[in-house]
Number of protein chains: 2
Amino acid sequence: MPIEYSRPQGYNEARYGLSSRPEFRRPERSFTIRQLCVEFSVTPRALRFYEDKGLLFPARDGMNRVYSVRDRARLQLILRGKRVGFSLSEIREILDLYDETDGGAAQASRSLKKFRERIEALRQQRDDIDGAIQNLEEGCLRLERQLKESRPDLLPKAEAYDSVLRARLDGSTDTLVK
Amino acid sequence: MPIEYSRPQGYNEARYGLSSRPEFRRPERSFTIRQLCVEFSVTPRALRFYEDKGLLFPARDGMNRVYSVRDRARLQLILRGKRVGFSLSEIREILDLYDETDGGAAQASRSLKKFRERIEALRQQRDDIDGAIQNLEEGCLRLERQLKESRPDLLPKAEAYDSVLRARLDGSTDTLVK
DNA sequence: TATACCCCTTACGTAAACGTCAACGCAAGC
DNA sequence: GCTTGCGTTGACGTTTACGTAAGGGGTATA
């Protein structure tokens, strides 16, 4: 068992939980490390690690980290960056490019070029994924043919489509534009 | 300097190079480790590593590895699998699923399910990529606006489109269907 | 006051995917 | 017969992205 994320007995919602009182919600709500961890299913260690590597810099309340809405958005980008295969240092570089709005025109020009490169790489990666999907679908077809001949009863029905749909619809609307 | 891939002086094309004589081309041509390494820009170490991990099993000529056309196709799948974020053990699992056509109907049914799961995961990953591309494009727009105001001369022209096209058109037509 | 949560830092451990020697063998060309 | 280029098998090193343990502290509830 890695880490306890569910609320144990005696859990103090008012202190640790996501407050439901509107005055603590927006526009400038902040998060404890644990809240973000629960929300994004990562460990505190990971967040501290990202901070170590310069991808996050939450404020402090005494010793404790205090994450802003913007930190949260950064974290979302970090995690998505990871999912699409960027290394942390690459992600850091990208985040830095977003940040330094004031590096001068030359800097902005270089940033633009790097962004374009990233985009092109991602497009190719998407083609890779499409190719992989095609391969796997061919494999499925083969298996289905095979099963249809030997044991048609084992052919699974089409998946419940709404679960698929739901997974697609939670499109994140995060942005770092100030 | 990592490793020398270009042909040095004294390079013996007849012995080491890709033969252009048709009788050695198809349908059952074979490859040395180096030929595959050059073709796919990987190191011999990597290929041996994949073999170690059970993803490849080339034939032998004495001590030397001899890769068949089918091994080459597997390698293509391995590399693409890596590009889309699969671990080697995941790739191995998938390749195994392709292989065991004779595991019985129950096995085939399980394989089918796993394939479907992989496909769904890839679809979500593609959505991630699309999201990342959108973010980066927004970043581009911001930078372009910024540059247009300060230094329009630094705005790079649209990239030469044919290089992009060429990169897209070398779609691999590999398959593992026997 | 105990314990049950939360937080912190420091530091060593780990899995994956190779890189990088070292040390050897075999064939070809000078 | 030496060098060049290819191949082989260990075996240890490296990077990334954390996991995990050790040790310490703050705050609320029983």
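Each chain gets a letter, A, B and so on, in the order the sequences are listed, and its residues count up from 1.
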Undergrad: Can you check whether A/T43 has a side-chain N or O nearer than 4.0 Å to OP1 or OP2 of D/dC18?
TA: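 Negative; the distance criterion is not met.
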Undergrad: Return no unless some side-chain N or O of A/K82 is found under 4.0 Å from OP1 or OP2 of D/dC18.
TA: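 For D/dC18, OP1/OP2 do have a side-chain N/O of A/K82 under 4.0 Å.
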Undergrad: Return the residues of residues 45-64 of chain A meeting this criterion: a heavy atom under 4.0 Å from some atom of DNA chain C. Order them by number, or give none.
TA: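 Output list: A/R45, A/R48, A/R60, A/M63, A/N64.
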Undergrad: Do the side-chain N or O atoms of A/S89 get closer than 4.0 angstrom to the phosphate oxygens (OP1, OP2) of D/dT16?
TA: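 So the side chain of A/S89 is outside the cut-off, no N or O lying under 4.0 Å from OP1 or OP2 of D/dT16.
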Undergrad: The criterion is salt bridge (Lys or Arg N to Asp or Glu O under 4.0 Å); which residues satisfy it with A/E90, sequence neighbours excluded?
TA: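 For A/E90, the residues satisfying salt bridge (Lys or Arg N to Asp or Glu O under 4.0 Å) (neighbours in sequence not counted) are A/R118.
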Undergrad: So, taking the atom named CD in B/E93 and the one named CD1 in B/I91, what distance separates them when rounded to the nearest 0.5 Å?
TA: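 Taking CD in B/E93 and CD1 in B/I91, the distance rounds to 11.5 Å.
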Undergrad: Between C/dC7, C/dG19, D/dT8, spot the one nearest the side chain of A/I33, thanks.
TA: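 Shortest atom-to-atom distance from the side chain points to C/dC7.
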Undergrad: So which of B/L75, B/D71, B/V69 actually passes side-chain contact (heavy atoms from CB on, under 4.5 Å) with B/F31?
TA: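 It is B/V69, the one option of B/L75, B/D71, B/V69 that forms the side-chain contact (heavy atoms from CB on, under 4.5 Å) with B/F31.
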Undergrad: Rounding to a whole Å, what distance do you find between B/Y67:OH and D/dT8:C1'?
TA: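 After rounding, the gap between these two atoms is 11 Å.
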Undergrad: To the nearest Å, how far apart are B/F86 CZ and C/dA15 P?
TA: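 Answer to the nearest Å: 23 Å.
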Undergrad: Less than 4.0 Å between a side-chain N and a carboxylate O, is that true for A/D99 and A/R74?
TA: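 Salt bridge: yes.
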Undergrad: Please collect all ring pair (Phe, Tyr, Trp, His ring centres under 6.0 Å) contacts where either partner lies in residues 109-137 of chain A, sequence neighbours excluded, each pair once.
TA: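 Every ring pair (Phe, Tyr, Trp, His ring centres under 6.0 Å) pair that includes a residue of residues 109-137 of chain A, provided the two are not neighbours, is A/Y98-A/F115.
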Undergrad: Does a side-chain N or O from A/T32 land closer than 4.0 Å to OP1 or OP2 of C/dC7, or not?
TA: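 Yes, within the criterion.
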Undergrad: What is the distance from CG of B/L36 to C1' of D/dC6, rounded to the nearest Å?
TA: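 The distance from CG of B/L36 to C1' of D/dC6 comes to 15 Å, rounded to the nearest Å.
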Undergrad: Between B/I78 (CD1) and C/dA17 (P), how many Å, whole number?
TA: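 Checked: the CD1 to P distance equals 11 Å.
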Undergrad: So, A/Q35 versus A/R29: side-chain donor-acceptor pair below 3.5 Å or not?
TA: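 Per modelled atom types, A/Q35 and A/R29 side chains form a pair under 3.5 Å.
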Undergrad: For the side chain of B/R65, starting at C-beta, report the closest nucleotide among D/dC18, D/dT8, C/dC18.
TA: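 The answer is D/dT8.
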